[in-house]
There are 2 protein chains.
Amino acid sequence: MSWSRHGRDGDEGRGKGRRSYHHGNLREALIEAALDLIAAKGPAGFTVAEAARSAGVSPAAPYRHFRDRDALMADVARQGFERFEAFLKTAWADGRPDSFTALGNVGRAYLAFARTEPAYYSAMFEAGVPLDEHPELREAGDRSFAIVRKACEQLSETLPKDERPPALMMALHIWSLSHGIASLFARGDAGLRKLPMSPEDLLEAAVLIYLQGLGLGRP
Amino acid sequence: MSWSRHGRDGDEGRGKGRRSYHHGNLREALIEAALDLIAAKGPAGFTVAEAARSAGVSPAAPYRHFRDRDALMADVARQGFERFEAFLKTAWADGRPDSFTALGNVGRAYLAFARTEPAYYSAMFEAGVPLDEHPELREAGDRSFAIVRKACEQLSETLPKDERPPALMMALHIWSLSHGIASLFARGDAGLRKLPMSPEDLLEAAVLIYLQGLGLGRP
DNA sequence: CAGCTCATGTGAACAGCTTTTACATAAGGC
DNA sequence: GCCTTATGTAAAAGCTGTTCACATGAGCTG
């Protein structure tokens, strides 16, 4: 919340208590405000005007930093994918202690991200930002996917060469499963379906069964 | 498109060429207009005003039939779930020729619906209609899910009693997988990710591997 | 058929949103 | 110290959702 404005400190950060004409860090302040709004009212409830208000600037100011509403949303999503990638990478931990366990950790991390950062997750997957008009978004998404792909590759290679399933397909399956569970049962808290078990357990069971079917049972 | 207005015919249906004061079938005309708009511009692009315009009535008229924008969207989604249920039920075909094959047909039907009715699918899963405020929506969704559950039950029962996986869990897994693939790769045509295989093949492979893992390989 | 009632439409209005335009301000390099 | 340029404002146009009082006419009741 303390965006600091070029290092000078003062009593800013209290909503409209801004003194200088220039904000100093409006771009990030807007993204942060957008995140709060999306978390509170869903991706459709986010408005440029309210983000501007919450950053203490006029409704026109955001357009110095973003072409339009979609561009702001796309930037939120891009930032989300970057954090997502880092989060998954940490969970994967270069395949330690073993690729089987590590892949399970990636799955849990996927759901944990959807649950603890529902605003990012919404912007990334549910805001309907057209990927064709925001190629940087697609690339950021691909980088996240690459982690899962890498994990599947490494796990697949624990099998003898002629029994290895195609890693790309595995990755697509596990990604789809995780995304399905996340968007049906594990995003935020509003308007979601109830479940007789935790989403994490549901995903873990599915992955175990799936890997069993590939001949990749627990080592 | 020819809503017929109490059976009388004339040259209506040409946009604003309506003669009588009362529309006669506004409710359904609005739902149809909403579907077209959602299909064309996504769930966020749909506006009550434009739906009213396309039905040839004033912007206030829709509020005689729907409490607000969300209520209209929820009704579209409800209708979508009803068609979805019927569609899945047909694909299931009471488990013929055998429950294994029939479950595969249900999966294909799931994706086919998402692809051929992207507007319904959007309204059902991506519009962010709060389920708590529209219980009839949740119930309609549950009825669709029940088909998948039934299919899993019947397939599970082809195994000896002590080897049967819990049908509810199976159904959740397969539903999540289908939904994940549908929303990542198989809805409409805009802004989606490319795939090295058809979504149908991707899903079929996943389900086969999953069932294999449960000890439910092809009979 | 006359008349009443009620569902369903209209028009006008308000508030809020997105986005553009012309103008204001200040930061930083010459 | 001045000039350029990035970044802010105010005002406006054209949308939107939604509500209000009022208009219309379909169908029942007598």
Side-chain angles (χ1 to χ4, degrees), chain A residues 3-8 10 12 15-31 33-34 37-38 40-76 127-129 133, chain B residues 3-8 10 12 15-31 33-34 37-38 40-76 127-129 133:
Chain A
W3 52 68
S4 89
R5 226 184 69 237
H6 287 207
R8 289 185 48 212
E12 299 110 9
K16 332 231 154 192
R18 209 176 81 264
R19 274 202 213 91
S20 71
Y21 192 87
H22 284 30
H23 184 287
N25 211 1
L26 184 54
R27 194 186 168 88
E28 271 115 70
L30 287 171
I31 292 181
L37 289 175
I38 296 171
K41 304 189 289 186
F46 147 70
T47 69
V48 177
E50 195 161 351
R53 214 174 300 135
S54 127
V57 296
S58 80
Y63 293 87
R64 294 291 175 194
H65 299 270
F66 302 96
R67 195 166 39 75
D68 54 20
R69 202 195 101 113
D70 260 24
L72 210 179
M73 187 72 96
D75 225 59
V76 172
V129 183
E133 295 166 29
Chain B
W3 53 66
S4 88
R5 225 185 69 239
H6 288 206
R8 289 186 48 212
E12 299 108 11
K16 332 229 154 191
R18 210 175 81 265
R19 275 201 212 91
S20 73
Y21 192 85
H22 285 22
H23 184 288
N25 211 1
L26 183 54
R27 195 185 167 88
E28 271 114 68
L30 287 171
I31 292 181
L37 289 175
I38 296 170
K41 304 188 289 186
F46 147 69
T47 69
V48 177
E50 195 161 350
R53 215 174 300 134
S54 124
V57 296
S58 81
Y63 294 87
R64 295 290 176 194
H65 299 270
F66 302 95
R67 196 166 38 75
D68 53 20
R69 202 196 100 114
D70 260 24
L72 210 179
M73 188 72 96
D75 225 59
V76 172
V129 183
E133 295 167 29

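Letters A, B, ... mirror the listed sequences (proteins, then strands); counts begin at 1. If you're wondering where the values come from, they're calculated on a predicted model, not measured in any experiment.
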Spacing between A/N25 atom CG and D/dG8 atom P, to the nearest angstrom: 10 Å
Atom-pair distance (CZ on B/F66; C1' on D/dT19), nearest Å: 18 Å
Sequence neighbours excluded, every pair satisfying side chain to side chain donor-acceptor pair (under 3.5 Å) that has a member inside residues 58-73 of chain A: none
Contact under 4.0 Å: A/H65 side-chain N or O vs D/dG8 OP1/OP2: yes
For A/A51, side-chain contact (heavy atoms from CB on, under 4.5 Å) partners two or more places apart: A/L30, A/A33, A/L37, A/F46
Partner residues of B/A49 under the side-chain contact (heavy atoms from CB on, under 4.5 Å) criterion, sequence neighbours left out: B/T47, B/R53
Footprint string (nucleotides 12-21 of chain C, 5' to 3'): B base within contact, S backbone only, - free, heavy atoms under 4.0 Å: -----SSBB-
Contacts of A/R27 that satisfy side-chain hydrogen bond (donor to acceptor under 3.5 Å, both in side chains) - sequence neighbours left out: A/D75
Nearest non-hydrogen partners of B/A52 and B/P59, listed with the distance: CB-CA, 4.0 Å
